[in-house]
Q: 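A single structure is presented below for examination.
What you see is a predicted model; the values in this text were computed from it and never measured.
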Amino acid sequence: MPERTAWRDVPRPRARKFATLAMAEVPALAQAILGEIRREYPGLPLVVDDSGEPMALVGIRRALEDFVDHLLVEEGGPHGRRLEVFQEFGRGEVLQGRSLDSLQAIYRLGVRLAWRRLAEIGQQVEIPPPAMYELVESGFEYLDGLVAQSVRGYVETAARQAGERLRLQRRLISLMLSEHRTDPTDALAEHAASIGWPLPEQVAVGVLLRPAPESVAPAVGQGVLLDMEYEQPRMIVPEPDAAGRPELLERAMTGWSGAMGPPVPLAEAAKSLHWAFAAVRLMERGLLPAGQVLHCTEHTEALVLLPPEELIEDLARRCLAPLDQCAPAHSRRLVETLLAWLETRGGAPEVAARLGVHPQTVRYRLRQIRELLGDEVDDPDRRFNLELVLRARRLRDAGGGSGRR
């Protein structure tokens with residue numbers, strides 16, 4: 001015959017007497033436990049049910065009754081059938097914006113108080129100490145069950161709340177980034193208020209490239225809005241130059257790549273998005289550095305000169321056509337010298353120092369350039385066009401580089 005536990009060694013009549021006395025104590029014990037909880041936690045809100053009775057009192061009473069009932073039920077019998085109220089307690093913690101820590105502390109306090117009275121009843125009916133020790137263990141196992149009920153309610157409610165917030169957040173992001181927004185400003189403020197997002201004066205908009213399809217969202221911190229539903233996620237950073245924010249974002253974006261558009265007034269967020277997209281397209285073409293989240297303001301030259309590729313190339317063909325008469329290698333040297341001269345506007349020594357050649361070589365090349373281009377090199381508008389196309393070509397040939405402002 002298998003060994004029986006200490007509680008099951010208690011004669012059934014004595015166990016029933018214990019349970020009867022304990023059940024009779026439940027109403028007063030529940031009131032006493034609630035009173036002690038309210039003294040320990042004076043700020044605890046007291047929610048009432050449809051009948052006007054405090055839900056906390058209902059929960060304590062049901063938990064006590066269920067535990068005592070369980071003492072006389074054969075193993076595997078019904079247990080915890082009326083404890084859905086503890087799920088409500090978990091839901092309430094979410095709605096109050098609290099964690100489950102305080103709720104679990106309250107449960108432990110209730111178990112200690114209940115055990116104190118059950119121990120007195122056990123002595124009264126002469127329950128052997130080993131059996132009472134077993135009841136202590138059962139009490140804490142029972143506590144785990146109550147906590148599990150509350151965790152279930154907490155998690156379900158938190159998930160619903162997070163899903164609703166995410167929906168509202170995506171709507172807010174969509175409104176801000178719409179180029180032809182028809183919603184008035186107060187509608188934007190209303191959507192922001194629904195998720196507790198203070199409207200900033202300035203924002204910067206980022207477009208991200210996922211490190212991997214299953215990548216989780218970067219921990220960008222409170223206040224930064226993320227929409228991960230796009231193939232290339234969007235990020236809206238309020239007050240991007242606020243103290244500490246650039247450093248926080250740099251840490252959070254480790255392993256990610258993409259681009260941050262320039263800071264703009266909130267109403268012009270779509271413009272920041274435009275430049276972020278432009279930078280990402282250049283990254284994908286290998287014309288801007290990949291493997292990081294770069295800032296458009298640090299690559300202004302590349303963003304201005306590289307996207308209108310067809311226009312720049314057409315201008316280059318017209319401006320540089322005379323140089324095509326030379327052999328390709330010699331043409332490249334003339335182009336290099338011309339750009340150095342346009343950028344420095346110095347004499348042969350300055351250009352030679354920049355190119356690492358002899359000044360006499362520079363003088364020879366500049367004479368050839370004048371012979372090929374004529375008076376164009378002295379016209380301010382022509383010089384501007386020449387420098388524009390030559391800078392664009394240098395950026396393109398160098399794969400974008402770091403760009404200069």
Q: Is Lys271 paired with Glu268 through a side-chain N to carboxylate O contact shorter than 4.0 Å?
A: yes
Q: Could you tell me if His330 and Gln368 have a donor-acceptor pair between their side chains, going purely by distance under 3.5 Å?
A: yes
Q: What class does the angle between the rings of Tyr107 and Phe86 fall in, given that below 30° is parallel, 30 to 60° is tilted and above 60° is perpendicular?
A: perpendicular
Q: Are Glu250 and Arg245 ion-paired here, with the side-chain N under 4.0 Å from a carboxylate O?
A: no
Q: Please determine whether a side-chain nitrogen of the Lys or Arg among Arg152 and Glu156 lies less than 4.0 Å from a carboxylate oxygen of the Asp or Glu.
A: yes
Q: Less than 4.0 Å between a side-chain N and a carboxylate O, is that true for Glu343 and Arg394?
A: yes
Q: Give the C-alpha distance, both sets of side-chain angles, the deciding distance and a yes or no for side-chain hydrogen bond (donor to acceptor under 3.5 Å, both in side chains) between Gln202 and Glu239.
A: CA-CA 5 Å; Gln202 281 200 323; Glu239 310 300 354; over 6 Å; no
Q: Where is the tightest heavy-atom contact between Ala19 and Val68, given as atom of each residue plus distance?
A: O-CG1, 3.5 Å
Q: With respect to Val151, which candidate in Leu100, Leu146, Leu103 satisfies the side-chain contact (heavy atoms from CB on, under 4.5 Å) definition?
A: Leu100
Q: Who pairs with Arg367 by salt bridge (Lys or Arg N to Asp or Glu O under 4.0 Å), at least two apart in sequence or on another chain?
A: none
Q: Show me the side-chain donor-acceptor pairs of residues 25-43 shorter than 3.5 Å, one per line, residues at least two apart or across chains.
A:
unit_1	atom_1	unit_2	atom_2	d
Glu25	OE1	Arg117	NE	3.2
Glu25	OE2	Arg117	NH2	3.1
Glu36	OE1	Arg39	NE	3.3
Glu36	OE1	Arg39	NH2	2.8

Q: So that I can tick it off, tell me whether Glu387 and Arg382 are bridged by a salt bridge, with the cut-off set at under 4.0 angstrom between side-chain N and carboxylate O.
A: no
Q: Just do the side chain to side chain contact (heavy atoms under 4.5 Å, CB included) check on Trp115 and Leu118 with the steps written out, would you?
A: CA-CA 5 Å; Trp115 169 246; Leu118 292 178; 4.2 Å; yes
